[in-house]
Amino acid sequence: YGAHGLGGCYAPETLMQPLLDLEAAFVAALEDPDFQRELQAELRTFVGRPTPLTPAPRLARELGIAEVWLKREDLAHTGAHKINNALAQALLARRMGREEVIAETGAGQHGVACAAACARLGLRCTVYMGEVDMARQAPNVARMRLFGAEVAPVSAGSRTLKEAVNEALRAWAGNCHRAHYILGSALGPHPFPLLVRTFQSVIGREARAQVLEAAGRLPEAVVACAGGGSNGLGLMVPFLDDAVRLVAAEAGGHGTDPGQHAARVGPGRIGVLHGCRSLLLQDEAGWTSDTASISAGLDYPSLGPELAALCLDGRVEALRATDAEALEGARRLCRTEGILPALESSHGLAVLGRLGARSVLLGLSGRGDKDLSTYQAALGA
Ligand SMILES: CC/C=C(/N=C/c1c(COP(=O)(O)O)cnc(C)c1O)C(=O)O
């Protein structure tokens with residue numbers, strides 16, 4: 001992707017053929033009317049698409065912005081955008097004759113989405129999740145198990161998303177003829193970044209049509225939080241050729257020193273992690289740095305290669321919101337519009353007031369039920 005040659009397929013020999021098979025199956029499925037018909041029917045009747053584009057006049061007034069629109073992925077089934085990709089990849093897995101799915105999760109939303117899609121399609125599901133994330137997103141662990149998935153605790157390293165991806169990739173490498181690995185963000189070895197952004201771009205196609213219909217023109221700015229980059233790319237890709245500012249909000253954590261945040265644009269340098277070459281938080285010796293964020297879904301040292309390339313090429317502006325600013329963004333949305341956002345989405349809310357834009361469309365990537373204990377502790381709910 002982009003002038004910096006990001007992306008690629010840095011995978012062990014044993015995964016090369018499964019990745020080639022996946023790319024071929026993906027291309028064939030996209031061209032298969034039956035696959036598309038089933039995917040569209042499931043998105044409509046199981047996921048509940050199209051998700052609404054909600055005007056937020058009271059939030060806008062408090063921020064001094066003329067218009068704020070919210071693309072409501074929090075209202076998709078399981079409570080976040082992750083279901084768009086998980087369902088499509090589960091349909092693809094079944095089409096490839098795979099009987100089981102492996103996945104990683106940080107915030108638990110991707111894990112819940114995979115567990116729900118696998119229950120729906122009759123596939124076995126194993127989700128790898130860091131022990132730290134299992135504690136801070138406990139409601140999602142319960143939901144995965146209720147959907148019949150096995151949640152495999154990961155106790156290595158920082159016990160968050162990075163290690164969960166390591167374990168999921170390792171498990172897939174040892175079982176790649178029977179299992180499909182549903183990678184949850186626009187990351188990983190090719191074709192995963194392409195697959196995920198393609199399946200997530202339904203968000204932006206809907207939002208662009210909805211805002212033209214409701215407002216009669218495009219917004220000045222389109223904003224999304226960025227962990228691996230899937231909800232951001234899904235929302236922004238259909239706007240790439242428009243004269244619209246595109247803004248990605250990264251996790252500013254609780255400081256600017258290495259290990260205190262997960263802001264890759266700026267502090268990150270190009271490196272390889274989890275099969276793809278992209279912006280990566282790393283030390284001088286090239287060891288991946290620790291990260292920190294109040295939101296599990298943004299707490300990851302690398303940014304997906306396509307969104308990283310768009311940032312490096314200047315098409316997407318990367319801003320960062322600290323833990324405290326994200327909490328304030330969540331509090332403000334709750335009080336002005338009666339919507340409880342996921343901590344990840346709250347990073348997008350936190351930057352709206354800084355843009356100097358008259359009209360803004362924000363991707364609300366998920367709901368905040370999973371974060372209630374954090375909100376209660378921080379906001380005294
Ligand atoms: C795949 C690991 C990321 C997860 N979630 C990331 C996430 C994100 C960040 O991931 P991207 O959209 O891929 O940047 C944003 N919003 C919500 C509600 C999220 O749950 C997860 O496991 O649920």
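Both ligands and their constituent atoms are indexed starting at 1 by order of listing.
Here is the list of ligand 1 atoms found below 4.0 Å of a heavy atom in Cys225: 15 (C). Listed by number with element, the atoms of ligand 1 under 4.0 Å from a non-hydrogen atom of Leu298 are 9 (C). For ligand 1, the atoms closer than 4.0 angstrom to any heavy atom of Glu104 are 1 (C). Atoms of ligand 1 found under 4.0 Å from any heavy atom of Gly106 (numbered from 1 in listed order, with element): 2 (C), 21 (C), 22 (O). Numbered from 1 in the order shown, with element, the atoms of ligand 1 that lie under 4.0 Å from a heavy atom of Gly108 read 21 (C), 22 (O), 23 (O). Heavy-atom contacts of His110 reach the following atoms of ligand 1: 1 (C), 21 (C), 22 (O), 23 (O) (cutoff under 4.0 Å). Shown in contact with Thr105 at under 4.0 Å from a heavy atom are these atoms of ligand 1, numbered in order with element: 21 (C), 22 (O), 23 (O). Each of the atoms 14 (O) of ligand 1 lies under 4.0 Å from some heavy atom of Ala226.
Distances between N or O atoms of Glu344 and those of ligand 1 include no value under 3.5 Å. By the 3.5 Å distance cut-off applied to N or O atoms, Ser345 is not counted among the residues near ligand 1. Backbone and side-chain nitrogen or oxygen atoms of Leu161 are examined, and none is located within less than 3.5 angstrom of a nitrogen or oxygen of ligand 1. Checking only distances, Gly228 does come within under 3.5 Å of ligand 1, N or O to N or O. Polar contact with ligand 1: absent for Lys370 (N/O pair, distance under 3.5 Å).
Shown here are the ring pair (Phe, Tyr, Trp, His ring centres under 6.0 Å) partners of His190, two or more places apart in sequence or in another chain: there are none. Shown here are the salt bridge (Lys or Arg N to Asp or Glu O under 4.0 Å) partners of Lys71, two or more places apart in sequence or in another chain: Glu206.
Between Arg367 and Asp369, at least one side-chain nitrogen of the basic residue sits less than 4.0 Å from a carboxylate oxygen of the acidic one, meeting the salt-bridge criterion.
Between Tyr181 and Trp172, the angle of the ring planes lies from 30° to 60°, which puts this pair in the tilted group. Aromatic ring orientation, Phe35 versus Phe199: tilted (interplanar angle from 30° to 60°).
Not close to ligand 1: Met129, with no non-hydrogen atom less than 4.0 angstrom away.
With 3.5 Å as the limit, one finds no donor-acceptor pair spanning the side chains of His110 and Ser185. Between Asn84 and Glu73, the side chains place a donor N or O and an acceptor N or O closer than 3.5 Å (distance only, hydrogens not considered). Using modelled atom types and a 3.5 Å distance limit, the side chains of Glu163 and Ser158 yield a donor-acceptor pair. Side-chain contact of Asn85 with Gln89: a donor-acceptor pair under 3.5 Å is present, judged by distance alone.
Among protein heavy atoms, atom 9 (C) of ligand 1 sits closest to Gly297 O, 3.5 Å. Looking from atom 16 (N) of ligand 1 to the surrounding protein, the closest heavy atom is Ser365 OG, 2.8 Å. Among all protein heavy atoms, the one lying closest to atom 5 (N) of ligand 1 is Lys82 CE, 3.3 Å.
At a heavy-atom distance under 4.0 Å, no atom of Leu183 approaches ligand 1. The backbone and the side chain of Gln109 each have at least one atom closer than 4.0 Å to an atom of ligand 1 (non-hydrogen atoms only). At a 4.0 Å heavy-atom cut-off, ligand 1 touches Ser230 through backbone and side chain alike.
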>> Between Phe192 and His274, is the ring-ring contact (aromatic ring centres under 6.0 Å, His included) condition met? List the steps.
In response: CA-CA 11 Å; Phe192 281 113; His274 297 148; over 10 Å; no

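Looking at Glu62 and Val68, their side chains never come closer than 4.5 Å, going by heavy atoms from C-beta outward.
Counting all heavy atoms, side chain and backbone alike, His347 lies closest to Leu343 at ND1-O, 2.8 Å.
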